2 protein chains.
Amino acid sequence: MTERVKSATIADVAARAGVSQASVSRVLNGKSTVDPEIVRSVRRAVADLGYRPSLAARSLVQGRNQTVAMVVPDLENPLFQGILKGLSVAAAADGYRVLVADTVERVDEEEPTAIEARERCDAIVLCAPRLPADRLAKLTARVAPAVVVNRAVDGDAPVVGVDYARGIRDLVEHFASLGHRRLLYLAGPESSASNADRLRGVAEATAAHPGVEIRVAACGSRLDDGYAAADLVVSALREGVTGVLAFNDLVALGLLTRLRALGVDVPGAVSVSGFDDVPMAAFATPALTSLSVPRAELGAQVWSRLRALIAGEPAGHPVTYRPRLEVRESTGPAPVIA
Amino acid sequence: MTERVKSATIADVAARAGVSQASVSRVLNGKSTVDPEIVRSVRRAVADLGYRPSLAARSLVQGRNQTVAMVVPDLENPLFQGILKGLSVAAAADGYRVLVADTVERVDEEEPTAIEARERCDAIVLCAPRLPADRLAKLTARVAPAVVVNRAVDGDAPVVGVDYARGIRDLVEHFASLGHRRLLYLAGPESSASNADRLRGVAEATAAHPGVEIRVAACGSRLDDGYAAADLVVSALREGVTGVLAFNDLVALGLLTRLRALGVDVPGAVSVSGFDDVPMAAFATPALTSLSVPRAELGAQVWSRLRALIAGEPAGHPVTYRPRLEVRESTGPAPVIA
DNA sequence: CTGTTAGCGCTTTCAT
DNA sequence: ATGAAAGCGCTAACAG
């Protein structure tokens with residue numbers, strides 16, 4: 001039987017070192033100056049006892065616990081994974097850890113989950129692309145300090161995000177320069193904020209390129225959604241569409257798979273682009289033209305905002321990253337219409 | 001200026017309800033029976049004050065904080081992501097949250113990171129495929145309660161994992177039944193425990209199938225590793241190899257991409273298999289034969305062990321999941337050797 | 001069934 | 001520069 005030993009407390013250290021708890025605390029926290037003699041004896045006692053301070057006690061008295069939470073609708077989503085990674089690595093460098101909460105795409109869980117998660121932490125980052133704007137605004141106020149990812153929000157929570165509209169405009173520019181005049185946008189989930197942003201981009205691009213028509217069709221965000229959209233794409237070809245902008249890479253990849261099976265040449269018969277630049281994009285056949293989003297960088301940026309907020313400083317302006325266009329083989333000159 | 005209000009404490013609630021703190025605590029925790037009259041007044045006071053108990057205080061007195069940690073070498077790895085998702089969802093159902101710590105593939109960070117993370121939590125799950133066995137054994141003892149993912153470990157920490165060796169044997173069986181007699185295993189990272197398991201599977205399969213030869217070549221675990229291995233595969237073909245077992249799906253996918261570019265027919269000239277059954281596997285061309293691993297299920301299983309351990313119960317036997325063979329188009333009959 | 005009273009382990013005035 | 005002592009907000013004995 002292993003003896004369940006109660007671990008050493010600061011009182012034990014103080015006793016062993018023959019000093020007061022206050023001195024131990026000072027040595028451990030490097031606050032104010034302490035007699036070198038005491039410092040040494042405290043360090044020795046700490047080592048001898050294998051003392052480790054209780055974080056719970058420290059949290060109680062300090063009111064913070066060096067932890068931040070991140071709420072996401074789906075941990076399986078590569079974007080959130082990348083942000084989480086960037087965030088957790090950056091936070092770790094400052095002695096912070098991150099707690100994750102997955103709301104499994106259930107919008108109504110987001111508020112209670114965020115509130116509960118926030119109670120365990122010093123700050124929170126919200127990824128809630130589907131939550132109605134007014135509820136999100138209320139929520140961010142409730143759980144402040146908070147930073148919001150990938151969508152605008154009323155109130156003073158800082159936002160870090162991706163300029164999806166800009167990405168789409170750059171993409172349309174690319175298609176237009178290749179001679180495409182009729183495009184199809186395969187839309188993502190209807191309630192998604194980032195899909196709305198892309199649609200705004202579509203509208204702006206249409207305004208900017210009077211000669212280019214951009215149709216929109218409902219699709220989705222996953223491989224099978226893209227796969228299933230192939231028929232729709234094929235019939236669009238007959239109506240003069242020569243380029244397809246998929247909501248994201250997964251959709252584009254699924255579409256590519258099915259088009260290949262159908263014998264539709266890409267980019268010969270139709271050009272296809274994705275969004276996100278997942279690792280697989282470069283390895284698709286043909287290699288997928290996409291918009292690269294600095295996921296880990298976003299996470300790091302989220303941390304820098306969070307840290308500022310926790311320190312009580314202003315969080316700075318909202319940042320949005322402009323996606324970088326990665327031109328690969330899946331987009332080419334528009335075919336000459338028969 | 002928003003007034004920084006100190007939030008209500010249990011004392012405030014007690015005062016407002018005209019009862020003792022103990023009664024408030026009882027009502028809130030549903031311990032023992034309390035006069036309905038008191039229950040109502042406490043609930044009212046709680047609601048009026050918008051009171052929320054301090055988790056820090058509760059942690060201090062109870063010695064636990066309803067949080068578990070998960071240490072991973074790389075959050076970007078789909079396997080760990082899946083486990084994390086399964087774990088966090090299962091844990092959430094029991095009121096637990098999970099804290100993640102990414103050691104960014106730095107083996108020497110694993111111990112300090114695990115120890116530090118464990119101090120913030122009630123238990124921990126260790127994914128440390130590269131950590132030497134003896135160090136892992138010491139570590140699990142140090143941070144107990146702990147569960148280990150995907151590798152055996154000395155001591156009494158429960159293990160939940162995947163039976164990689166068995167998967168490889170099933171795969172070889174599949175290749176053999178298709179008439180393949182000379183195979184090539186593209187190995188993963190050298191120090192990885194799961195690669196060692198697969199190698200064991202290779203050895204076992206070799207013993208079980210005297211007519212089948214399995215060569216091993218160093219490769220890696222990523223798309224580009226597979227891509228880079230194509231030349232090696234091509235020359236192996238000349239030596240009579242007709243089937244390639246890739247370390248995982250990413251390697252297989254990368255290989256497929258390059259083979260396609262080289263004009264090597266799959267499965268006509270060579271059959272290729274992956275491992276993990278990532279979503280993309282089914283959408284590759286040709287669709288990739290793979291071994292499916294129940295990632296979320298693993299996470300849920302991890303939680304059930306963790307919960308038992310936290311409750312002071314025995315954790316039960318180690319579990320290993322046998323991967324399920326998903327036969328798709330990338331494996332076919334062995335070509336007749338010229 | 002309810003209230004009183006100790007702490008949980010640490011930080012932080014406040015004296016000295 | 002150091003120590004004594006007062007909490008942080010809560011739960012859990014222990015009385016009543």
Side-chain angles (χ1 to χ4, degrees), chain A residues 4-46 49-67 95 116 118-122 310, chain B residues 4-46 49-67 95 116 118-122 310:
Chain A
R4 243 277 160 273
V5 264
K6 243 172 97 315
S7 59
T9 73
I10 196 173
D12 302 330
V13 176
R16 187 167 232 267
V19 299
S20 71
Q21 294 192 21
S23 289
V24 176
S25 177
R26 289 185 187 107
V27 172
L28 265 39
N29 299 299
K31 304 277 196 189
S32 90
T33 43
V34 183
D35 186 293
E37 190 65 31
I38 292 192
V39 173
R40 283 196 304 103
S41 65
V42 167
R43 291 211 189 292
R44 258 186 50 91
V46 165
L49 269 38
Y51 168 75
R52 311 231 69 188
S54 153
L55 300 181
R58 194 172 271 177
S59 301
L60 178 58
V61 58
Q62 298 190 138
R64 50 207 165 67
N65 67 357
Q66 314 264 103
T67 304
E116 194 271 350
R118 173 62 179 81
E119 284 170 348
R120 303 170 179 256
C121 302
D122 303 343
I310 291 172
Chain B
R4 244 280 161 270
V5 262
K6 241 170 98 317
S7 59
T9 74
I10 198 174
D12 301 330
V13 176
R16 187 169 232 266
V19 300
S20 72
Q21 293 192 21
S23 289
V24 176
S25 178
R26 289 185 188 108
V27 171
L28 264 40
N29 297 302
K31 305 275 195 192
S32 89
T33 44
V34 183
D35 187 292
E37 190 64 30
I38 293 192
V39 173
R40 282 197 303 106
S41 66
V42 167
R43 292 212 189 294
R44 257 187 51 92
V46 165
L49 269 39
Y51 168 74
R52 310 233 69 190
S54 152
L55 300 182
R58 194 173 271 178
S59 302
L60 177 57
V61 59
Q62 298 189 139
R64 50 208 165 68
N65 68 356
Q66 313 265 104
T67 304
E116 194 269 352
R118 173 63 179 80
E119 284 169 347
R120 303 170 179 255
C121 301
D122 303 342
I310 291 173

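Sequence lines set the chain letters: A, B, ... in the order given, protein chains first and strands last, and positions in each chain run from 1. Treat the numbers as computed from the prediction; the structure is a model and nothing was measured.
In this structure, V61(B) and T33(B) both approach DNA chain C, and ranking their closest nucleotides by distance from the 5' end singles out T33(B). The residue among L60(A) and S32(A) whose nearest nucleotide of DNA chain D lies closer to the 5′ end is S32(A).
If you measure from atom CD1 of I10(A) to atom P of dA4(D), you get 14 Å, rounded to the nearest angstrom. Going from atom CD of Q66(A) over to atom P of dC10(C) covers 15 Å, rounded to whole Å. Rounded to whole Å, atom P of dC8(D) lies 18 Å from atom CG of L55(B). Separating the CD atom of Q62(B) from the P atom of dG7(C) is a distance of 18 Å, rounded to the nearest angstrom. What separates NZ of K31(A) from C1' of dT12(C) is a distance of 10 Å, to the nearest Å. dG9(C) atom P lies 15 Å from atom CG of N65(B), rounded to whole Å. To the nearest angstrom, P of dT11(C) lies 11 Å from CZ of R64(A). Distance CG (D12(A)) to C1' (dC10(C)): 13 Å, rounded to an integer number of Å.
Note on S54(A): every side-chain N or O is 4.0 Å or more away from OP1 and OP2 of dC10(C). Close to dG9(C), at under 4.0 Å from its OP1 or OP2, lies no side-chain N or O of R58(A).
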| When you look at T9(B) and D12(B), which way does the side chain to side chain contact (heavy atoms under 4.5 Å, CB included) test go after all the steps? | CA-CA 5 Å; T9(B) 74; D12(B) 301 330; 3.6 Å; yes
| task | Apply side chain to side chain contact (heavy atoms under 4.5 Å, CB included) to I10(B) and S25(B), showing your working. | result | CA-CA 8 Å; I10(B) 198 174; S25(B) 178; 4.1 Å; yes
| Step by step, would you call L28(B) with V42(B) a side chain to side chain contact (heavy atoms under 4.5 Å, CB included)? | CA-CA 9 Å; L28(B) 264 40; V42(B) 167; 4.2 Å; yes
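Side-chain atoms of R64(A) and S59(A) form no donor-acceptor pair, as typed in the model, at a separation below 3.5 Å.
In this structure, the separation between CG on L60(A) and CZ on R58(B) is 13.0 Å, given to the nearest 0.5 Å. For the atom pair E116(B) CD and Q66(A) CD, the distance stands at 9.0 Å (nearest 0.5 Å).
Using a 4.0 Å cut-off on heavy atoms, the residues of residues 13-29 of chain A that approach DNA chain C are Q21(A), A22(A), S25(A), R26(A), N29(A), listed by number.
Checked by atom type and distance alone, the side chain of T67(B) pairs as donor or acceptor with a backbone atom of N65(B) at under 3.5 Å.
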